[in-house]
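Reading through the structure tokens given below for one structure.
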Amino acid sequence: MSGITRRHFLTTTAGTGLAGILATGVPPVLGQQREVSYLCWNNFAPLMDKKLAEIGQRFTKDTGIKLKIDHIAAAQQAAKYASEVQSQAGHDLVEMRMHFPWLYDSQLIDLGDLVADLEKKYGKVLSSAGETARVRGTWRAVPQYHAMFVATYREDLFKKASLKIPDTWEDLYTAGKELKKMGHPVGIPISQNYDSISTAGPVLWSSGGQEVDKDGKTVRINSPQTAQMIEWYKKMFRDCMEPEVLSWDDASNNQAIQQGKAGWIHNPVSAYIVAKQMKLPTADTINHHRTPGGPAGRHETDVPRHIGIWKFSKNAEPAKEFIRYLLGKRETYDEFIMSADAFNLPVYEKLQDHPVLKTDPKYAGLKAEGVQYHCYGWPAPPSDKVQLITNSFIMPNMIAKAVTGTSTKDAMVWAENEMKKIMAG
Amino acid sequence: MAIGGIRVAAPASRPSLRAKVGELLDREQWLGSIFVSPALVLLLLLVAYPFCMALYFSVSNAFIGRPSHFIGVRNFINLWESDAFRQTFQNAFVFCGAAVGAKLVLGVSLALLLNQQLWFKRLIRGAVLLPWVIPTALSTLGWTWMFNSLYSVVNWTGLALGIMDPPGPNWLGQKYYAMAAVIIVNIWRGLPFFAITILAGLVAIPKELYEAAEADGAGPFSRFWYVTLPLLKGVLAIVVLFSTIFTFSEFNIVFVLTHGGPINSTHLFATLARQVGLETGRIGEGAAISLYLFPVLMLVVWAQLRFVRKQAY
């Protein structure tokens, strides 16, 4: 009987094992270093990035899973994500702003189980986050926090001129006329930037208008409600603002109020937070109130941010484990939220009265009673066509045309044509 | 060697591998190919492959991460129906024409100046290159502040000198001013390339020609017109060719300074392509925007290279 020699046995088993590793591309469990990578934006609240790194280190210590966090500027996210998807390689976890899950839905794994756990603990996800992270019934990302656009105003100037805190956009016009006379105009950008859309949206929604119907197909911009919104912008531009708003970028309104020029802007609380951190004299004079409303209610532009996991990730399970670690434990989630100093707030219903809002009396105005949060393009679902309408800045350009001489009707017809071409494309 | 009394010659030894390789390398066609192949591989990987991908994307309905289908030239036709694209098309020609024209005139003037005997000549020549050396995005951020509606140093200076009426032009908020602003920054950035290249051409012109022209009574203008300019034609054609291509494909200046606004009045092909292709994920349309001018630019390149060859032979 020919026995198996020790040399033959070792050669055969080693060869088979190596072939298996090479074929599957997965090392044996004993040799596996569990590791996940996370591509995250450069947070407008930098302390939150620091806190994320700190939590990441604790996660590695507690679970043995190595976490690598990379940061990228918000403006570069779309290009970076496109290259990762095209090459089917890159990070495991990705931070996703607003509608991103809709753009990359076929590339993201279903995270419904994680969201269900979080909703059990913290209550339902806010509507704006749900509308953007849940794509056609599937949770393609887990909502983590949101920043909404509120009114930031110079409390000292309002008191000095005995002005009423604006409850409606018409109230703002009344106050704005006085502010401009005082040399502190209202600062609402009307230019090719996202802050312009963030204000134009609530003005349009509160007068009952919309860009595209909730069916996601029918263009509704040419309407009496839009005309009403444009007329409001015209008188605001003429009586309450300076022409410089036509050239503003996303930072300009913040700078205008921080440097003491603007009397009222519409922005997340970052303008105040930066003024406070930099110890600017205006920090003491700035306060917040809710976005004004109109005949169709009070609406606010919201910027929810989610975490998704690419389908091409080979580390989906440890990646999920990190999301659970960051958001699933109340004390860790609280710690994370607190680090943003009210710039990024919890995105779950039961956490709306969060302790972070009590850390500064000037955050009292940020409580969410009676507000409807929406993302760009609402009520249409955030499809790529609706995103192209947003990214083409059609609404601010329509307003810019109207305030610089084009008739309201012509500006609306122009916007309608541009939107219809996109929807037909 | 003797076998059975018969002498047999030993077999000739085969040439070694080293000798064979040496022989191959002695042949020009082999050696040339070997030297060229790394560059060829790089060109294929970094230029030809992305270019072919872009060509395919432009005739497909490609969307990031989704399967795509061939749709012919539909992207190119649909684009022409978009007001933003037509505006971009017009902007590109205005921007390129004005910027390249100004850079040419100013570049020749600056080169003539730098060709003179100046104090600190080397220092000045080095300093002229600075705008070309600084990363564009960074220098354009500086210009953003200079044109900023709140802190414009340009307006402050203009008002202080009494040549502007308060509050001064809204540089980035009105379409003609915004276009002027991006053109000014492009000229500032591209001028050193023109000046230094033309200067190299000027230095190569034999002094004897000027001396002969001067002896014939030619003044400064005649010397420039009949000696300098004809001998610079080749250099100018190359510089204009490169600059036309770079200026048509400009991205950084517009992206940082105006983001394509106001009302799309400064959008160029590259910035619009990014907006549509990357921010929205419609890479098929984005690629079509990028490649829209490709045939025109090919024609320009062909015509200019033909002109240069004529000048050379």
Side-chain angles (χ1 to χ4, degrees), chain A residues 75-86 88 100 102-108 189-193 196 242-250 252 255-256 259 261-262 310-312 384-394 396-398 400-401 404 406 414 417-418 421-422 424-425, chain B residues 53 57 61-67 74-75 77-85 87 144-145 147-152 155 167-175 177-178 181 255-267 271-272 274-286:
Chain A
Q76 304 305 322
Q77 276 179 300
K80 179 68 179 163
Y81 291 1
S83 70
E84 293 206 349
V85 165
Q86 285 302 110
Q88 291 289 294
F100 277 23
W102 280 76
L103 295 186
Y104 305 107
D105 68 318
S106 62
Q107 300 294 323
L108 294 165
I190 308 175
S191 51
Q192 295 198 179
N193 69 2
S196 298
E242 297 282 356
E244 67 197 19
V245 296
L246 295 169
S247 68
W248 276 8
D249 60 25
D250 283 328
S252 303
Q255 290 157 0
Q259 303 305 324
K261 181 163 186 188
W310 290 131
K311 270 188 184 162
F312 59 72
D384 62 292
K385 286 179 179 172
V386 172
Q387 286 320 311
L388 186 53
I389 288 174
T390 301
N391 294 342
S392 301
F393 302 105
I394 294 176
N397 284 344
M398 171 185 76
K401 276 174 180 274
T404 53
T406 306
W414 171 84
N417 287 338
E418 289 300 295
K421 279 173 211 159
I422 289 173
Chain B
M53 284 295 286
F57 283 146
N61 60 352
F63 191 96
I64 290 166
R66 295 181 198 164
R74 203 190 303 162
N75 282 333
I77 295 167
N78 287 350
L79 278 173
W80 197 248
E81 288 171 10
S82 153
D83 187 54
F85 179 76
Q87 176 74 53
T144 310
W145 279 100
F147 288 128
N148 185 283
S149 56
L150 287 173
Y151 313 105
S152 173
N155 286 9
N170 185 4
W171 285 101
L172 306 178
Q174 284 173 309
K175 60 181 183 178
Y177 282 121
F255 188 71
V256 176
L257 209 59
T258 62
H259 218 82
I263 320 177
N264 298 321
S265 60
T266 57
H267 251 317
T271 50
L272 188 67
R274 184 193 191 278
Q275 183 176 296
V276 174
L278 292 179
E279 287 180 22
T280 318
R282 294 158 74 121
I283 42 178
E285 255 175 71

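Each chain gets a letter, A, B and so on, in the order its sequence line appears, and its residues count up from 1.
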Cut-off 4.5 Å, heavy atoms of chain A, and the answer for B:Asn264 is both
Answer with side chain, backbone, both or neither: which region of B:Gln174 has an atom nearer than 4.5 Å to a non-hydrogen atom of chain A?
neither
Region of B:Ile283 in contact with chain A, defined by heavy-atom distances below 4.5 Å
side chain
Just wondering, are more than 12 heavy atoms of other shown residues or ligands nearer than 6.0 Å to NZ in A:Lys385?
yes
Check whether any side-chain N or O of B:Glu279 sits under 3.5 Å from a backbone N or O of A:Asn391 as a donor-acceptor pair, and report yes or no.
no
Interatomic distance, CG@A:Asn417 vs CD@B:Glu81, rounded to 0.5 Å, equals 11.0 Å
Within the 4.5 Å heavy-atom criterion, are A:Leu388 and B:Glu285 side-chain neighbours or not?
yes
Please report the closest heavy-atom contact between A:Asp384 and B:Arg282, naming both atoms and the distance.
OD2-NH1, 3.3 Å
Please classify the contact between B:Arg274 and chain A as side chain, backbone, both or neither, with a heavy-atom cut-off of under 4.5 Å.
side chain
For A:Asp250, which residues count as a side-chain contact (heavy atoms from CB on, under 4.5 Å) partner, sequence neighbours excluded?
A:Asn193, A:Tyr194, A:Asp195
Is A:Ala424 in contact with chain B via its backbone, its side chain, both, or neither, using a 4.5 Å heavy-atom distance?
neither
Counting heavy-atom pairs under 4.5 Å with chain A, the top scorer among B:Ala84, B:Pro262, B:Gly260 is B:Gly260
What closest approach, in Å, do A:Val85 and B:Gly65 show between heavy atoms, and which atom pair accounts for it?
CG1-CA, 3.3 Å
Those residues at least two apart in sequence (or on a different chain) that pass ring pair (Phe, Tyr, Trp, His ring centres under 6.0 Å) with B:Phe255 are B:Phe251, B:His259
Closest contact, heavy atoms only, A:Pro243 versus B:Asn170:
O-ND2, 2.9 Å
More than 12 heavy atoms of other residues, nucleotides or ligands under 6.0 Å from CZ of B:Phe63: is that the case?
yes
When you measure from the side chain of A:Glu244 to the backbone N and O of B:Gly173, does any donor-acceptor pair fall under 3.5 Å?
no
Whatever's closer than 4.5 Å to a heavy atom in chain A on B:Asp83 counts as both
With a 3.5 Å distance limit and no angle check, can you tell me whether A:Ser247 reaches the backbone of B:Trp171 through a side-chain donor-acceptor pair?
no
Looking only at heavy atoms, the pair that brings B:Arg66 and A:Ser106 closest together is CG-OG, 3.9 Å
Pick from B:Leu278, B:Ile263, B:Asn75, B:Asn61: which one has the most heavy-atom pairs with chain A under 4.5 Å?
B:Ile263
